[in-house]
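Written below as structure tokens is the structure these notes are about.
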Amino acid sequence: MSIPLQIYDFISILFPGFVTLMLIRIEKPSLFSWQLDNHYLTGAIFLVAAYICGSLLQGLVRIRAVGKLTKRISRLFINSSLYSGSNLRGRHHNPAASKRMQEEFVMLFKEYYDIDPDDLNQEEVFGLVYSPVAEKMTQRNLFVAIANFHRALCLISLSCLLYFLIKSFFYWPWCGLLWIEYVSIVATLALSTFVFASGGEYFKKLTDMVPFYAFVAWRKGNNKEANIRNIEG
């Protein structure tokens, strides 16, 4: 059973909001000492608060500086050459493509728009590629939701790591923990930050790659249909 895109989009906002509120509740339980007589109303308020918090996180991950930070984190242990070598220019990454694929794209782009993509900037090329095929690739919207979900969790993990390190500086040694517990927490938070950053960048690469492939497939399909009509005519 396929789940509607709106559900994925909703979860990508709501879940990080829930996580953030629960972490705040663990650290500062006095902030959540209130409770209404109506449990349903209490739950509804918490749900709305989680959604607002998640929306704020989504806003943060869309800031360019935060995007660059997650990209750098994801590349700490990954060969940067994996991200280069293509002249296809997406919004966030240059999608990996063979020379034949690049030549095919440039030819079809020129044929459709009568413009050389090399004469346009990155946003213009992507916009012209995306516009005619936007309705043909609903899967891309899912990749966008998943990428934002991962980047929000990366931001949460990084914030927890920095908070824990700063707190341990003032409550030395080890915040009252055994040294192995302290090291385990730091390692888990650092690993989570890296994993979520890598996941976010992976799906961001897919969101840039899909429109180019969809554009090529669409133009090739149209050309094939036109050739068939000409033969039959």
Side-chain angles (χ1 to χ4, degrees), residues 2-3 5 8-9 12 61-154 193-232:
S2 63
I3 300 177
L5 171 64
Y8 285 107
D9 200 37
S12 71
V61 301
R62 291 188 178 95
I63 296 175
R64 180 165 297 185
V66 177
K68 288 182 178 180
L69 177 62
T70 58
K71 186 180 292 186
R72 288 176 180 175
I73 293 173
S74 69
R75 295 185 184 184
L76 286 175
F77 304 103
I78 298 177
N79 189 344
S80 60
S81 63
L82 295 177
Y83 294 87
S84 59
S86 173
N87 63 2
L88 301 184
R89 294 170 295 167
R91 294 184 64 192
H92 307 281
H93 298 278
N94 295 335
S98 64
K99 183 178 179 181
R100 174 62 184 276
M101 177 65 179
Q102 295 176 49
E103 292 173 349
E104 196 76 25
F105 165 73
V106 172
M107 181 190 70
L108 293 170
F109 189 93
K110 288 180 178 179
E111 178 187 276
Y112 188 65
Y113 286 112
D114 196 24
I115 304 173
D116 190 330
D118 291 333
D119 295 335
L120 304 175
N121 64 38
Q122 189 167 343
E123 287 291 335
E124 290 171 336
V125 172
F126 186 84
L128 290 174
V129 169
Y130 180 81
S131 298
V133 295
E135 300 298 326
K136 304 177 187 298
M137 48 180 191
T138 55
Q139 195 73 11
R140 180 183 181 275
N141 296 326
L142 174 60
F143 294 152
V144 171
I146 296 175
N148 290 335
F149 174 73
H150 278 266
R151 293 174 79 177
L153 292 181
C154 170
T193 301
F194 172 71
V195 169
F196 289 131
S198 299
E201 289 306 302
Y202 172 77
F203 283 102
K204 279 296 180 184
K205 286 172 63 179
L206 289 181
T207 65
D208 280 351
M209 186 184 302
V210 169
F212 287 93
Y213 289 172
F215 181 84
V216 171
W218 172 63
R219 290 302 304 149
K220 295 285 283 186
N222 284 355
N223 290 346
K224 185 175 181 179
E225 290 177 3
N227 291 335
I228 293 174
R229 285 196 299 268
N230 290 335
I231 294 173
E232 292 176 348

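Quick note: residue numbers are just sequence positions, from 1.
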S12 versus A145, closest heavy-atom pair with distance: CB-O, 3.4 Å
With sequence neighbours excluded, residues passing salt bridge (charged side-chain N to carboxylate O under 4.0 Å, His left out) with E123: R91
Look at the rings of F143 and F203 and say which category their plane angle falls in: under 30° parallel, 30 to 60° tilted, over 60° perpendicular. tilted
Just wondering, do F149 and F196 contact through their side chains at under 4.5 Å, heavy atoms? no
So CZ of R151 and CZ of R62: to nearest 0.5 Å the spacing works out to 9.0 Å
With side chain to side chain contact (heavy atoms under 4.5 Å, CB included) as the criterion, how do L108 and W218 come out once you've worked through the C-alpha distance, each side chain's angles and the decisive distance to 0.1 Å? CA-CA 10 Å; L108 293 170; W218 172 63; over 6 Å; no
With sequence neighbours left out, the residues meeting salt bridge (charged side-chain N to carboxylate O under 4.0 Å, His left out) with R219 are E111
So, using ring pair (Phe, Tyr, Trp, His ring centres under 6.0 Å) as the criterion, who are the partners of Y213 when residues are at least two apart? none
Those residues at least two apart in sequence (or on a different chain) that pass ring pair (Phe, Tyr, Trp, His ring centres under 6.0 Å) with Y113 are F109
Between A214 and M137, the two heavy atoms sitting closest are CB-SD, 4.1 Å
Between L206 and I146, is there a side-chain heavy-atom distance shorter than 4.5 Å? no
Close side-chain approach of F215 and L128, heavy atoms under 4.5 Å: no
Among all residues two or more places apart in sequence or in another chain, which pass the salt bridge (charged side-chain N to carboxylate O under 4.0 Å, His left out) test with E104? R100, K220
D114, CG: over 12 other non-hydrogen atoms inside 6.0 angstrom: no
All salt bridge (charged side-chain N to carboxylate O under 4.0 Å, His left out) counterparts of D116, not counting sequence neighbours: K110
Find out whether Y112 and N222 are in side-chain contact, i.e. whether some heavy atom of one side chain is under 4.5 Å from a heavy atom of the other. no
Return the set of residues passing side-chain contact (heavy atoms from CB on, under 4.5 Å) with V144 (not counting sequence neighbours), or none when no residue passes. R140, N148, T207
If you look at every heavy atom in V216 and M101, which pair is closest and at what distance? CG2-CE, 3.7 Å
Looking only at heavy atoms, what is the nearest atom pair of P211 and V133, with distance? O-CG2, 4.1 Å
